[in-house]
Amino acid sequence: MLVPYSVREGLANFRRAKFAAFASTSAITVALILIGVFAVVGYEAQEVTSMLREQAGEMEVFIQDDASEREQDALHARIETMPGVARTDYISHQEAAEIFRREFGEEAALFEDPTFLPASVKVWVEPPYANPDSMAALSRSFGQWQNVDEVVFNRDLLARVARNRRIVLFVGAALGAIVLLTAVFLVANTIRLTIYARRLLIRTMKLVGATDAFVRRPFLVEGILQGTIGGAIAAAAVWGGYRLFMQQMNQPVEPWEVQLSLVGGLIGAGILLGWLGSYFAARRFIQSVELH
Amino acid sequence: MITLNSVSVSFELPNGDRRPVLENVSMNVDRSEMTYLIGPTGSGKSTILRLLYMDLLPDDGVAEIGDYRSDLIETNEIPYLRRSIGVVFQDFQLLPDRSAYDNVAFALYATGKKQKEVRSRTLKALARVGLSHKRSNYPHELSGGEQQRVVIARAIANDPWVLLADEPTGNLDPVVADEIQELLLGLHRQGMTLLMATHDYRLVKEFPARTLALMNGQIVEIDPATL
């Protein structure tokens with residue numbers, strides 16, 4: 001009977017103190033929209049960074065001219081199995097010449113021998129390996145292998161991407177912390193004020209012999225309910241806004257799993273915020289409220 | 001049985017000094033006894049009641065009520081002590097957004113009673129204070145006397161063995177105050193121990209009972225007729 005009473009009371013409090021419920025729910029909604037927008041921007045920034053790293057993490061392993069076809073295949077297969085290698089692409093003499101012609105146009109005709117360009121294996125590393133040190137280590141390993149003529153990669157570009165990524169991560173983490181702290185502060189204070197407004201209820205419950213846990217429970221139910229509603233509104237706003245924005249920008253939206261994670265994450269965060277905010281605010285007033 | 005044994009209480013002032021309110025005070029109230037605690041405002045009447053429902057613990061000495069002692073009680077036992085007693089204040093402190101019935105029922109739910117028991121106890125308590133017919137009214141629809149009756153119903157709904165009343169008639173006019181006093185006396189006649197703090201000497205003379213006076217931090221037993 002205890003739990004249903006707490007649930008009933010929590011729901012009834014939501015109805016009775018409409019303004020307090022509205023204030024807390026609004027605070028949670030605003031806080032979660034802030035967090036949600038930041039999460040979306042952060043996610044997209046992360047995607048762009050990953051793409052840049054993948055592009056920068058490109059290496060070309062040139063094969064010696066005298067390597068047989070079998071040796072070339074074996075080398076290609078061996079490169080593919082190296083840890084950190086995301087994907088590879090074998091480029092034959094002819095394909096190299098084709099690429100050369102495509103890039104240099106008419107000037108390419110100056111080179112009559114289509115096979116003067118060596119065959120190579122183009123290697124893209126996984127994003128965590130796309131930094132100057134890992135790439136250099138990988139390059140050294142490949143360089144020691146048989147039939148490898150030369151290994152090249154753009155060290156300067158990699159260093160620039162790594163440096164910019166660090167700056168983006170640092171600024172992102174700092175902004176994220178500010179957004180999160182602001183959100184938690186806003187919600188905690190609003191819930192604290194709404195619970196303070198009902199200290200008579202707490203006082204009466206304590207006076208008649210309710211345990212602290214019993215006094216707290218309806219506030220937690222109410223907080224969770226406010227969090228769920230706030231989370232759902234924020235999720236709808238952020239998700240709708242995101243889709244609309246991408247549509248306007250003519251950009252593809254993230255896959256459904258990502259969108260569902262966003263919606264679920266915001267509702268979950270709302271529940272957590274409502275619960276934690278009510279828990280700490282109620283606990284504080286239960287301890288401090290005077291009975292006389 | 002209610003006992004204060006050499007109890008001292010002091011409060012800290014904003015400048016850090018301590019102001020003694022009770023000094024080495026002892027008193028005793030037997031079960032089923034009715035006792036007035038009188039004294040001017042600020043004399044320590046409410047402090048004694050707070051000691052008994054353990055909203056405050058003494059600096060020295062022991063306060064004892066029923067099976068609970070201030071020097072032995074654990075924090076998590078205090079709610080159980082309060083369930084065994086009833087407390088009434090002069091400011092009614094009713095929840096304004098609930099009916100008279102819900103204000104009483106709420107106190108029973110808060111102690112974990114089941115719905116069926118809550119209903120029967122609430123109706124019984126409201127009947128004892130003569131408010132069955134107004135159980136659906138909200139506090140703002142009730143007079144001061146009726147509101148205090150709801151508070152008394154809430155205090156007795158749990159069948160406490162003792163009622164601690166802190167100026168229960170302080171906010172009421174003399175006629176209504178007499179009605180409330182009659183009600184409290186009726187409860188006492190049914191066996192309930194009653195410890196009532198008041199500075200309304202008229203009431204003490206009109207409804208005489210054992211009277212303890214608080215003077216300069218000390219308790220003295222006096223004859224109500226001398227007031």
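Chain letters run A, B, ... following the sequence lines, proteins first, then strands; residues in each count from 1.
Crowding of Phe185(A) atom CZ: a count of heavy atoms from other residues, nucleotides or ligands under 6.0 Å not exceeding 12. Heavy atoms of other residues, nucleotides or ligands lying less than 6.0 angstrom from CG of Asp71(B) number more than 12. No more than 12 heavy atoms of other residues, nucleotides or ligands sit less than 6.0 Å from atom CZ of Arg119(B). Atom CG of Asn216(B) has 12 or fewer heavy atoms from other residues, nucleotides or ligands within 6.0 Å. Counting non-hydrogen atoms of neighbouring residues, nucleotides and ligands closer than 6.0 angstrom, the CZ atom of Arg198(A) exceeds 12 such neighbours. When the shell of 6.0 Å around OH of Tyr196(A) is examined, it contains 12 or fewer heavy atoms from other residues, nucleotides or ligands. Atom OH of Tyr201(B) is surrounded by more than 12 heavy atoms from other residues, nucleotides or ligands within 6.0 Å. Around atom CH2 of Trp161(B), more than 12 heavy atoms belonging to other residues, nucleotides or ligands sit under 6.0 Å away.
Taking 4.5 Å as the limit, every side-chain heavy atom of Lys206(A) sits out of range of all side-chain heavy atoms of Tyr53(B). Contact of the Tyr109(B) side chain with the Glu9(A) side chain is not registered, since no non-hydrogen atoms from C-beta on lie closer than 4.5 Å. Using a 4.5 Å cut-off on side-chain heavy atoms (C-beta onward), Pro79(B) and Asp212(A) make no contact.
Neither the backbone nor the side chain of Leu81(B) comes within contact range of chain A, judged by heavy atoms closer than 4.5 Å. Interface remark: Pro160(B) contributes no atoms to any contact with chain A (heavy atom separation under 4.5 Å).
Distance CG/Leu207(A) to CZ/Arg154(B): 6.5 Å, rounded to 0.5 Å. The CD atom of Gln115(B) sits 5.0 Å away from atom CZ of Arg8(A), with the distance rounded to the nearest 0.5 Å. Residue Leu200(A) holds its CG atom at 9.0 Å from CG of Asp97(B), rounded to the nearest 0.5 Å.
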Report task. Evaluate side chain to side chain contact (heavy atoms under 4.5 Å, CB included) for Thr211(A) paired with Arg83(B), printing each intermediate quantity in order. Result -> CA-CA 10 Å; Thr211(A) 58; Arg83(B) 289 177 197 191; 3.7 Å; yes
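Between Thr204(A) and the options Leu94(B), Val151(B), Leu95(B), a side-chain contact (heavy atoms from CB on, under 4.5 Å) holds for only Leu95(B).
Nearest approach of Thr111(B) to Val208(A), heavy atoms of both residues: CG2-O, 3.2 Å.
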